[in-house]
Amino acid sequence: MSTVDVRAPFLPIQFNLNGKSVELNARAGSRLLDVLREEGHLFGVKEGCGEGECGACTVMIDGQVACSCITLAQTVEGCDVTTVEGLPGRVGRDVHPVQHHFIQEMGTQCGFCTPGMVLSAVALLEDNPAATREEILDGISGNLCRCTGYVKIVDAIERAQAELTR
Ligand code: FES
Ligand code: FES
């Protein structure tokens with residue numbers, strides 16, 4: 001739940017969003033989650049718990065995963081921010097291999113956790129291309145899924161890993 005003062009003025013924030021330089025407006029105290037959805041129209045960023053516990057709102061900031069529900073928008077000034085919408089451009093393809101294999105392996109059901117889960121997987125594989133299955137499980141431990149049971153998610157990440165390291 002945002003506690004931003006709706007009387008506060010909008011201030012511009014400049015940063016790179018999915019590979020493009022942008023300037024979005026946010027009130028002081030605004031959450032990055034709200035700015036990305038309401039100003040950036042990036043609806044792959046989901047709000048689940050709103051408290052940094054479920055990972056549905058995961059984005060990448062300078063290559064590191066972060067919960068956008070507990071990140072103040074002003075703190076990304078000058079940073080590189082990636083949402084699920086920007087992942088294909090990260091590898092110069094129409095679909096990122098992690099996204100492709102989530103579909104192939106049925107690693108998504110209702111899909112609510114999927115953008116955050118995929119972003120955590122991509123960040124993990126960029127940081128540790130040879131991650132073991134245990135390390136993959138650890139890498140997605142901040143992302144909760146109530147549907148899939150995780151096995152197909154980890155299978156999908158391993159398939160993507162094999163493709164990315166071929
Ligand atoms: Fe941000 Fe749950 S909505 S961690
Ligand atoms: Fe439904 Fe993960 S696919 S919460």
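This chain uses plain numbering: 1 for the first residue, then up along the sequence. Whatever order the structure lists ligands and atoms in, that order sets their numbers, starting from 1.
- Interface atoms of ligand 1 facing G52, defined by a heavy-atom separation under 4.0 Å, are 4 (S).
- Atoms of ligand 2 lying under 4.0 Å from any heavy atom of G111, numbered from 1 in the order shown and given with element: 1 (Fe), 3 (S).
- Annotation for ligand 2: atoms under 4.0 Å from non-hydrogen atoms of C145 are 2 (Fe), 3 (S), 4 (S).
- Partner of N18 under the side-chain hydrogen bond (donor to acceptor under 3.5 Å, both in side chains) criterion, out of T82, T83, D80: T83 alone.
- Atoms CG and CD1, from L119 and I140 in turn, are 13.0 Å apart once rounded to the nearest 0.5 Å.
- Here E47 does not pair with R37 in a salt bridge; the nearest charged N to carboxylate O distance is not below 4.0 Å.
- For I153 against F102, the heavy-atom pair with the smallest separation is CG2-CZ, 3.7 Å.
- Remark: ligand 2 atoms within the under-4.0 Å shell around heavy atoms of C147 are 1 (Fe), 3 (S), 4 (S).
- In this structure, E163 pairs ionically with R93, as a charged nitrogen and a carboxylate oxygen lie closer than 4.0 Å.
- Interface atoms of ligand 1 facing E53, defined by a heavy-atom separation under 4.0 Å, are 4 (S).
- N16 places no side-chain N or O within 3.5 Å of a backbone atom of G78 that could act as its donor or acceptor partner.
- Using a 4.0 Å cut-off to heavy atoms of R146, the atoms of ligand 2 that qualify are 4 (S).
- Computed with atom 2 (Fe) of ligand 1 at the centre, the C54 SG to C49 SG angle is 110°, stated to 10 degrees.
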Given the rule in the side-chain hydrogen bond (donor to acceptor under 3.5 Å, both in side chains) test, do E134 and T132 qualify, once you have shown the distances and angles that lead to the verdict? CA-CA 5 Å; E134 275 204 352; T132 63; 5.6 Å; no
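- Salt bridge status for D155 with R133: present, with a side-chain N to carboxylate O gap under 4.0 Å.
- Ligand 1 places these atoms under 4.0 Å from at least one heavy atom of C57: 1 (Fe), 3 (S), 4 (S).
- Atom 1 (Fe) of ligand 1 does not have C67 among its coordinating residues (no N/O/S atom, backbone or side chain, under 2.8 Å).
- Heavy-atom contacts of G48 reach the following atoms of ligand 1: 3 (S) (cutoff under 4.0 Å).
- Because the distance cut-off is set at 2.8 Å, C113 fails to qualify as a neighbour of atom 1 (Fe) of ligand 2, as none of its N, O or S atoms comes that close.
- Near G50, with a cut-off below 4.0 Å to any heavy atom, the atoms of ligand 1 are 2 (Fe), 3 (S).
- Of the protein's non-hydrogen atoms, the one nearest atom 3 (S) of ligand 2 is Q109 N, 3.3 Å.
- Heavy atoms only, all atoms of each residue included: A123 and V65 are closest at CB-CG1, 3.6 Å.
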